[in-house]
Amino acid sequence: MPSQSNRRTFIKQGLGATLGLNLIANAAVPGSMRPRNSWKVPTIILFQGDSITDAGRRKSSTSPNDAVSLGRGYCMLAAGQLLAQPTGHNLTIYNRGISGNKVYQLAERWDGDCLSLKPNILSILIGVNDIWHTLVRDYQATVETYEQDYHALLRRTRAALPEVQLVVCEPFVLKYGAVDESWFPEFDRYRAAAQRVAQQAQAIFVPFQEVFNQALQHAPAEHWLRDGVHPTLAGDALMAQAWIDIVTKELA
């Protein structure tokens with residue numbers, strides 16, 4: 001049996017690893033801090049996007065705050081942390097991401113999958129398919145299409161839900177697996193477009209690319225993204241922590 005001293009050493013090492021994850025997420029945003037959820041009134045949070053958000057959620061289950069409805073990715077991990085906080089009982093959290101979606105496909109389903117849910121906080125992560133499908137499929141579009149469609153979607157959202165807090169998440173990739181030099185420098189233009197969209201819409205911006213760039217100092221790309229695009233468990237945990245830290249700080 002391990003000694004009491006060994007047990008304490010093991011626990012300290014585990015806590016150190018957890019703190020390291022927080023530090024990686026925090027490093028992307030100067031002044032970031034640990035979550036301090038001040039949402040003391042009922043709040044509806046909606047996560048929207050593509051497969052990174054979808055994360056295998058069961059589409060037939062539409063209930064909020066439910067693991068099978070939230071998928072196996074960063075949304076579920078973030079929701080679990082938020083719901084476990086003292087004010088978590090005031091939160092209603094949905095995931096409506098759908099694998100393969102581009103901005104125009106969000107728009108096609110927006111009434112039912114967003115506006116009808118009347119979220120107070122709407123988080124959108126979209127963009128990787130808008131470029132990827134031009135590289136590997138017969139999708140004819142440009143970064144200008146992406147930006148114009150995104151602006152239109154957020155204007156439509158503001159018109160229907162004038163008090164909604166928008167969260168625009170930066171699309172991200174790492175050079176590994178499906179991602180090679182052919183993605184660049186065009187992908188960086190998509191990232192810049194997402195940031196401009198966020199600024200114009202007065203949305204909170206979550207710089208996921210910077211979060212993963214910081215993470216490369218601690219582990220290689222394949223530890224964080226299994227194919228250069230889709231997160232591993234470690235990548236999802238990193239995203240969840242960054243999302244909570246940044247959004248909670250902005251809303252404090």
Q) Charged N to carboxylate O under 4.0 angstrom, Lys59 versus Asp54? A)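 So Lys59 pairs with Asp54 through a salt bridge.
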
Non-neighbouring partners of [X] that pass salt bridge (charged side-chain N to carboxylate O under 4.0 Å, His left out), sequence neighbours left out:
| X | value |
| --- | --- |
| Lys175 | Glu181 |
| Glu186 | Arg189 |
| Glu163 | none |

Q) Going by atom types alone, do Gln202 and Arg158 pair a side-chain donor with an acceptor below 3.5 Å? A) no

Q: Would you tell me whether Gln81 and Gln85 have side-chain atoms, one donor and one acceptor, within less than 3.5 Å of each other?
A: no

Q | Qualifying residue, where the test is side-chain contact (heavy atoms from CB on, under 4.5 Å) with Phe208 and the options are Pro231, Pro171, Cys169 | A |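 One option only clears the test, and that one is Cys169.
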
Would you say [X] and [Y] make side-chain contact, with heavy atoms under 4.5 Å?
| X | Y | answer |
| --- | --- | --- |
| Trp183 | Asp180 | yes |
| Phe212 | Met239 | yes |
| Ile124 | Val167 | no |
| Leu125 | Ser123 | no |

Q. Which pairs count as ring pair (Phe, Tyr, Trp, His ring centres under 6.0 Å) when at least one residue sits in residues 43-82, sequence neighbours excluded?
A. Phe47-Tyr74, Phe47-Trp243

Q. Can you name the side-chain contact (heavy atoms from CB on, under 4.5 Å) partners of Thr62, sequence neighbours left out?
A.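 Only Arg96 meet the side-chain contact (heavy atoms from CB on, under 4.5 Å) criterion with Thr62.
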
Q) Quick one: side-chain hydrogen bond (donor to acceptor under 3.5 Å, both in side chains) pairs with a partner in residues 227-238, sequence neighbours left out? A) Ser51-His230, Asp227-His230

Q: Report the distance from atom NZ of Lys102 to atom CD1 of Ile126, rounding to the nearest 0.5 Å.
A: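 The distance works out to 8.5 Å.
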
Q. Nearest 0.5 Å, what's the CD1-CG distance between Ile131 and Asp188?
A.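 Between Ile131 CD1 and Asp188 CG, I get 8.5 Å after rounding to 0.5 Å.
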
